[in-house]
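Only one structure is covered here, and it is reproduced in the block below.
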Amino acid sequence: MSTLVLLVATGLGLAGLYFLLAAGLSLIFGLMDVLNLAHGAFFALGGYMAWTTMELLGFIQSVALRFVVALLVAAAAGYLIGVVIERLLIARNYGDHLVQILITLGLGFAGVALLGGLYSYDPRALDQPEWFTQTTTLLGARIPNSRILIFAIAAAILAGLLIFLNRTRHGLVIRAGVENREMVSALGIDVGKSFTLVFGIGGMLAAIGGVLGAVYFNGITPSLGTTQLIFAFIVVVIGGLGSVVGTAIAAVLVALTQQLLNFYAVTGAGDIAVVVLLALVLLARPQGLLGRQAR
Amino acid sequence: MSTPLLRVADLHVNRGDAHVLHGINFSVAERGVTALLGRNGAGKTTTLLALLGLLPGRGSVQLAGEEMLGLPTHDIVTRGIGYVPEDREVFSQLTVEENLRLATRSETTSAEVNDRREVVDGLFPILAERRSQAAGTLSGGQQQMLAIARALLNDNQLLLVDEPSKGLAPAVIADMVNALEQVASHTTILLVEQNLRVAERLATDAVVLDQGTVVFDGTMQQLFGDPELTHAHLGVSGGTMTAKSTTTQGGAS
Amino acid sequence: MNPTPVAAEESSTDSATNPPTAEKEGPGQTAVADRSAASRRMGLGVLVVCAGVLAALPLIDVSIPVVLPGPISSPGSMQILGIGLVFAGLAVSYDLLFGFTGLLSLGHALYFALGVYGTNLLMDVLELPYAVAALIAVVGVATIAAALGALALRARGVAFAMVTLAYAEVFSILVLADPLRISGGEEGLALASAQVPDFLNGVMNSHRRYWLALVFLVVTYAIARAATSSLAGRVWEAVRENEDRVELLGLKPFGFKLLAFTLGCTLAGAGGSVYLLLVRGANPGVAGANFTLALLVMVVLGGAGRLWGAALGGLVYGLLDLRLGALGNSGVLDGLPDWVERVLSEPLFVLGTLFVLLMVFAPGGIAGLADRLIPDRTRGRERP
């Protein structure tokens with residue numbers, strides 16, 4: 001029983017990571033029709049930015065404080081780089097989705113290789129506040145606090161995203177744009193600005209995911225984001241394009257399935273099961289991916 | 001004579017490989033309703049899309065003397081164009097209230113917004129009632145009202161309305177026509193319609209397209225007064241449409 | 001500015017005048033050469049000469065510093081060039097799917113990997129001679145491709161891309177997790193050299209393996225060229241442009257797409273069995289998503305929809321990938337700060353950046369650039 005509780009708890013932590021990666025992807029694809037293949041690089045970038053920040057701030061005694069600052073720096077970097085990339089490279093190819101996708105492909109390759117050149121491919125561990133490695137006992141299981149924190153942060157971000165989408169004008173434009181981009185322009189609104197915003201948000205979320213991922217996987221490598229990306233895609237497809245709530249639910253489903261099957265069946269079975277699930281969902285609706293909802 | 005509000009000159013538009021509009025010319029006078037008519041596939045909706053910049057085109061489109069062709073859609077629209085698309089295209093996941101809020105442009109002051117909201121609420125009380133409902137749950141007729149309401153929230157010089165009667169029951173059409181009539185009294189409208197009764201009721205002028213060219217540009221009276229013209233361009237006998245003429249074709253006096 | 005490599009006399013889409021807002025499903029016009037296959041085929045004479053030159057390379061003793069580790073005819077260089085040729089053929093096979101038919105398959109590497117692993121396992125476990133093992137493996141790949149394709153092609157566009165990606169991922173996971181204990185997991189498999197004929201084994205026969213790779217490229221190119229000039233090829237291009245229109249014309253796109261898919265994947269499988277000999281083993285890296293994406297880069301780099309472009313892209317990619325690391329050791333970059341040198345020695349950094357620049361400024365790839373530089377390349381509108 002306690003094993004089950006532990007698996008569920010760590011599964012929820014993993015779900016938090018998937019949500020952070022997938023939410024950005026979902027909005028970007030839902031609004032812009034761009035399959036962002038560079039998303040994994042943002043994830044890794046976040047982890048490395050955090051690592052470097054913590055190194056530079058080594059003079060600060062409190063690891064927890066350094067970690068918080070590192071997280072914020074990574075988030076900001078993810079946002080800014082997302083905005084710059086969208087403005088410089090993606091926006092000029094408005095309408096040609098294939099070229100946009102290919103550009104993200106090249107950026108993904110270059111980004112990961114850049115990080116590999118700068119930091120080498122060996123995993124780098126983040127300094128973690130002691131509290132992370134301690135456990136909390138819940139229902140007889142000893143759950144690492146870091147997992148709980150990751151889930152909590154992801155949940156807080158989910159709430160923040162929902163408030164943003166449902167209560168601000170920018171959010172309103174994005175929700176409408178996910179449904180019908182052209183009509184939004186026909187109302188006199190510059191959809192391009194929303195594209196930039198969404199790409200920036202996506203980068204920011206992925207970067208935060210990377211910092212937390214470095215905690216979850218006990219180290220960051222340049223290709224960590226890319227290997228997790230396939231699962232993020234699965235979450236996006238199952239959750240429904242442009243739907244933040246859908247992404248959250250799907251993230252939990254996918255992560256728990258993976259964790260439980262990998263443990264109770266055989267290693268790798270969980271991974272294969274969710275990938276097969278992706279294929280099945282896609283094939284059940286051969287006319288295209290799941291309908292767009294922006295909520 | 002005053003300059004026309006909208007002047008279209010030598011407009012060519014392609015859709016994919018097909019050359020749909022072959023250098024059309026027409027103008028829309030300020031005030032009143034001009035109907036853009038023609039059979040299916042004549043290029044009516046394509047014309048509207050090109051005016052809005054949603055389709056690329058070559059030639060010239062001038063709104064109140066300013067060239068619009070080539071500008072991005074949102075720029076064109078903020079110069080004062082309201083659009084009521086074919087098939088409504090309301091945002092089904094957003095509430096009625098949100099749909100209206102989205103349509104309010106930033107140049108419109110909040111005082112003006114309030115005034116216009118009042119007018120809209122007066123025209124379409126049903127919408128006011130269903131303010132917090134998701135637009136996707138509205139009936140076809142109600143969605144049409146919402147689509148029209150959207151276009152009324154800003155100070156628009158020109159309204160482009162595309163087949164507002166499409167898919168609506170006759171009783172609902174009557175309501176919709178009333179609403180448009182009230183709007184037409186102080187705004188210029190370019191109305192694309194297949195339903196000739198509606199067109200006749202609302203419009204004073206008419207432009208007829210056939211296979212991407214303009215084949216008639218004049219008043220509704222001229223068009224429907226001459227049964228041969230009506231038949232040739234619109235494929236119906238003029239006689240059945242106007243209350244004045246006899247019921248059989250070629251009802252010459 | 002709109003970077004559309006449009007051949008004015010052939011294109012009737014006038015998208016160059018205004019910011020295009022009407023969006024189409026399927027590959028954008030800019031990344032794929034706009035002219036029909038017939039009018040942009042590389043002349044047969046040119047191709048024969050190229051093949052001849054390539055065949056003669058093992059006889060040349062010249063050194064090209066940095067680009068190759070030793071004289072052209074040395075085993076090291078022969079291996080690198082051989083791999084380049086296999087990549088070229090592989091890129092051609094992918095071009096059939098992506099460049100001509102517009103199928104964005106993100107799992108092409110799977111079939112290549114099946115060729116590599118399959119051939120080796122047949123030799124190892126069943127002790128079949130190389131030629132027989134390779135043949136059976138290719139037939140196996142064809143069957144699997146047809147089956148998987150029939151399923152995947154029920155989806156279109158990005159959905160199709162993701163299904164194919166899913167396939168490749170499953171295979172990759174299986175290879176690494178190795179439940180049946182046959183794939184060697186992370187370490188891969190060593191070549192079952194006992195089953196390889198003597199004339200292809202050993203360091204001194206590196207030039208023979210090179211020639212085998214050349215044979216693979218030539219055969220693949222010939223098949224691809226014949227297929228794309230045929231009626232099927234014409235339908236593929238029509239499907240790429242506008243699949244709905246093809247249906248309206250009364251043709252069933254599904255069968256044609258499946259044909260392109262199966263053919264391309266089978267050729268990739270054949271490439272795998274040749275690659276096995278060149279690298280002397282099976283490595284799980286060939287099954288990864290990274291490699292398929294690399295294929296996409298190869299094809300677009302060279303020019304999607306142009307066979308010679310794809311081949312060239314494959315060759316260039318292969319050389320860059322294998323030799324960029326040597327750049328760091330060569331002393332050319334010594335003046336630069338350490339971290340710059342390390343980053344520039346990462347092949348994927350250079351390739352990725354190059355690719356992005358290419359997409360921004362010349363989406364037609366190398367072939368697209370050639371089109372623009374050589375003004376009158378029209379070979380006449382040959383319609384067989």
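Atoms considered below: every heavy atom in the structure, side chains included; atoms not considered: hydrogens, waters and symmetry mates. All values derive from a computational prediction rather than experimental measurement.
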Under 4.5 Å from any heavy atom of chain A, what part of C:L293 do you find: side chain, backbone, both or neither? both
Side chain, backbone, both or neither: which part of C:A152 has a non-hydrogen atom closer than 4.5 Å to chain A? backbone
Looking at chain A, which one of C:L153, C:L351, C:V170 has the largest number of heavy-atom pairs inside 4.5 Å, strictly under? C:V170
What residue, out of C:F160, C:Y167, C:F349, C:W339, has the most heavy-atom pairs lying under 4.5 Å from chain A? C:F349
Within a reach of under 6.0 Å around CD of A:E55, are more than 12 heavy atoms found that belong to other residues, nucleotides or ligands? yes
Do other residues, nucleotides or ligands put more than 12 heavy atoms under 6.0 Å from C:E247 CD? yes
So, the part of A:L118 with a heavy atom under 4.5 Å from chain C: the answer is both
Between A:L35 and chain C, with a heavy-atom cut-off of 4.5 Å, which part of the residue counts as in contact: side chain, backbone, both or neither? side chain
Closest approach of A:L89 to C:V356 (non-hydrogen atoms, all atoms of both residues): CD1-CG1, 3.9 Å
Between A:I103 and C:M359, the two heavy atoms sitting closest are CG1-CB, 3.5 Å
Nearest 0.5 Å, please: how far is [atom2] in [Y] from [atom1] in [X]?
X: C:L354; Y: A:F109; atom1: CG; atom2: CZ; value: 13.0 Å
X: C:E169; Y: A:I234; atom1: CD; atom2: CD1; value: 8.0 Å
X: A:L229; Y: C:L165; atom1: CG; atom2: CG; value: 8.5 Å
X: A:L102; Y: C:L358; atom1: CG; atom2: CG; value: 10.0 Å

Report the C-alpha distance between A:L114 and C:E346 in whole Å, list the side-chain angles of each, state the deciding distance to 0.1 Å, and finish with yes or no for side chain to side chain contact (heavy atoms under 4.5 Å, CB included). CA-CA 7 Å; A:L114 175 66; C:E346 289 279 338; over 6 Å; no
Run the numbers on C:L348 and A:V112 for side chain to side chain contact (heavy atoms under 4.5 Å, CB included), then give the verdict. CA-CA 8 Å; C:L348 287 180; A:V112 169; over 6 Å; no
Could you tell me if the side chain of A:L98 sits less than 4.5 Å from the side chain of C:F98, heavy atoms only? yes
Flag the one option from A:L278, A:I230, A:D271 with the top tally of heavy-atom pairs under 4.5 Å to chain C. A:I230
